[in-house]
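Scroll down for the structure; my scribbles are underneath it.
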Amino acid sequence: MTGRVTAVSRNETYSFSKPNRESVTLLAGLGVAGDVHAGETIRHQFRMTYEPDLPNLRQVHLMHEELFGELARKGFEVSAGQLGENITTRGVDLLGLPTGALLRLGEQAVLEVTGLRNPCAKINDFREGLLGEVFALDPESGAFSFKSGVMAVVRRGGTVRPGDGVEVEYPPVPHRPLERV
């Protein structure tokens, strides 16, 4: 499966959205250089209070641009970086990837997918009712659906820019489905 990067974003401070940039630099084992969520241990603002020493499995947040079209059809205008993602892609079924899939971005960078982004209630502060569109409970099966992207760790650093290719390398079978991290 191949796709492309359509936007890159980072923010030095905790805020819901992240401004788009011309490029981001990925640092192996840390995340996006200059981003508040970069680090070896967990940097999620809420989780740091009770799990500060856990490994940071959320170094890089990726979101599929196709979600924005789906949300627009439901009346929600959302664009790259506004939901806090670092890398926005097109043409990659991020939500369908297995745990451990590798994403090769641009010439050098390699990310390992660790799980699904668990959306928080702040999404409704951004756009009222949006949480229900990116996170839902199926009343019949009891299964949750998460549409707000995937999280990854940086295995090999490099610079990533809009327009860069994205290649997927699947891990050995049996594949483990993504779970929230």
Side-chain angles (χ1 to χ4, degrees), residues 5-72 74-90 92 94-95 103 105-106 109 111 113-136 144-154 157-164 166 178 180-181:
V5 173
T6 59
V8 294
S9 311
R10 71 171 168 78
N11 202 341
E12 299 85 4
T13 61
Y14 287 105
S15 66
F16 186 75
S17 297
K18 295 185 180 196
N20 295 155
R21 309 291 181 159
E22 289 182 18
S23 67
V24 293
T25 301
L26 301 180
L27 304 173
L30 295 173
V32 178
D35 192 81
V36 69
H37 292 104
E40 291 180 5
T41 57
I42 204 156
R43 293 289 182 253
H44 183 272
Q45 203 169 12
F46 174 69
R47 289 182 177 180
M48 283 183 359
T49 61
Y50 65 94
E51 302 173 314
D53 299 323
L54 285 182
N56 187 2
L57 300 178
R58 300 167 54 104
Q59 294 174 359
V60 181
H61 176 198
L62 297 101
M63 188 169 296
H64 53 295
E65 186 178 67
E66 292 86 350
L67 176 64
F68 305 147
E70 179 184 326
L71 294 174
K74 295 180 179 185
F76 296 96
E77 185 178 324
V78 180
S79 61
Q82 289 187 317
L83 296 180
E85 75 275 12
N86 299 110
I87 298 175
T88 310
T89 66
R90 176 164 280 290
V92 179
L94 294 174
L95 301 178
L103 301 175
L105 300 119
L111 299 177
V113 177
T114 56
L116 296 166
R117 179 190 181 202
N118 185 16
C120 70
K122 289 182 180 182
I123 289 177
N124 277 340
D125 295 338
F126 174 70
R127 298 277 190 279
E128 184 64 36
L130 187 55
L131 181 61
E133 298 300 328
V134 297
F135 172 75
F144 289 102
S145 67
F146 298 88
K147 295 182 183 179
S148 56
V150 299
M151 306 306 291
V153 294
V154 182
T159 301
V160 179
R161 296 175 177 82
D164 282 350
V166 179
L178 294 175
R180 61 186 174 161
V181 292

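In this text, all values refer to a predicted model and were calculated from it rather than measured experimentally.
In this structure the side chain of Met63 reaches within 4.5 angstrom of the side chain of Leu83, judged on heavy atoms. Residues Val181 and Leu116 form no side-chain contact, since every pair of their non-hydrogen atoms from C-beta on lies 4.5 Å or further apart. Side-chain contact between Phe146 and Leu178: absent, with no pair of heavy atoms (C-beta onward) separated by less than 4.5 Å. Annotation: side chain of Gln59 is not in contact with side chain of Met151 (no heavy-atom distance under 4.5 Å). The shortest side-chain heavy-atom distance between Leu54 and Thr41 does not fall under the 4.5 Å cut-off. Within the 4.5 Å cutoff, no side-chain heavy atoms of Val8 are placed close to those of Asp164. Annotation: side chain of Asn86 is not in contact with side chain of Val24 (no heavy-atom distance under 4.5 Å). Here the side chains of Val153 and Asn56 are not in contact, with every heavy-atom distance at 4.5 Å or above.
Side chain of Arg117 to backbone of His61: no donor-acceptor contact under 3.5 angstrom is found. With hydrogens and angles disregarded, no donor-acceptor distance shorter than 3.5 Å links the side chain of Asn118 to the backbone of Arg180.
Side-chain contact of Thr6 with Glu65: a donor-acceptor pair under 3.5 Å is present, judged by distance alone.
How far CG of Asp53 is from CD of Glu40: 12.0 Å, rounded to the nearest 0.5 Å. Here CG of Leu62 is found 12.0 Å from OG of Ser148. Values are rounded to the nearest 0.5 Å. With rounding to the nearest 0.5 angstrom, the CG atom of Leu26 is 11.5 Å from the CZ atom of Arg10. For the atom pair CG (Asn11) and NZ (Lys18), the distance works out to 7.0 Å, reported to the nearest 0.5 Å. Atoms OG and CZ, on Ser145 and Phe135 in that order, are 8.0 Å from each other to the nearest 0.5 Å. Rounded to the nearest 0.5 angstrom, Thr89 OG1 and Leu105 CG are separated by 9.0 Å.
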- I would like to know whether His37 and Tyr14 meet side chain to side chain contact (heavy atoms under 4.5 Å, CB included); could you show each step before the answer? CA-CA 8 Å; His37 292 104; Tyr14 287 105; 3.8 Å; yes
- Message: Run the side chain to side chain contact (heavy atoms under 4.5 Å, CB included) test on Leu130 and Val78 for me, step by step, so that the C-alpha distance in whole Å, both residues' side-chain angles and the decisive distance to 0.1 Å come before the verdict.
- Response: CA-CA 10 Å; Leu130 187 55; Val78 180; 4.2 Å; yes
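In this structure, Leu94 and Val150 approach most closely via the heavy-atom pair O-CG1, 3.5 Å. The shortest non-hydrogen separation linking Pro119 to Leu131 is CB-CD1, 3.9 Å. In terms of heavy-atom proximity, Ala109 sits nearest to Val160 at CB-CG2, 3.9 Å. Annotation for Glu85 and Ser9: closest pair O-CB, 3.4 Å, computed over non-hydrogen atoms. Between Val60 and Gly31, the shortest heavy-atom contact is CG2-CA, 4.2 Å. Looking at every heavy atom in both residues, Ser17 comes nearest to Phe126 through OG-CE1, 4.0 Å.
Electrostatic pairing of Glu70 and Lys147 counts as a salt bridge here, judged by a charged N lying under 4.0 Å from a carboxylate O. A salt bridge is absent between Arg43 and Asp35: the closest approach of a Lys/Arg side-chain nitrogen to an acidic carboxylate oxygen does not fall below 4.0 angstrom. Using a cutoff of 4.0 Å between basic side-chain nitrogens and carboxylate oxygens, Arg21 and Glu12 are scored as salt-bridged.
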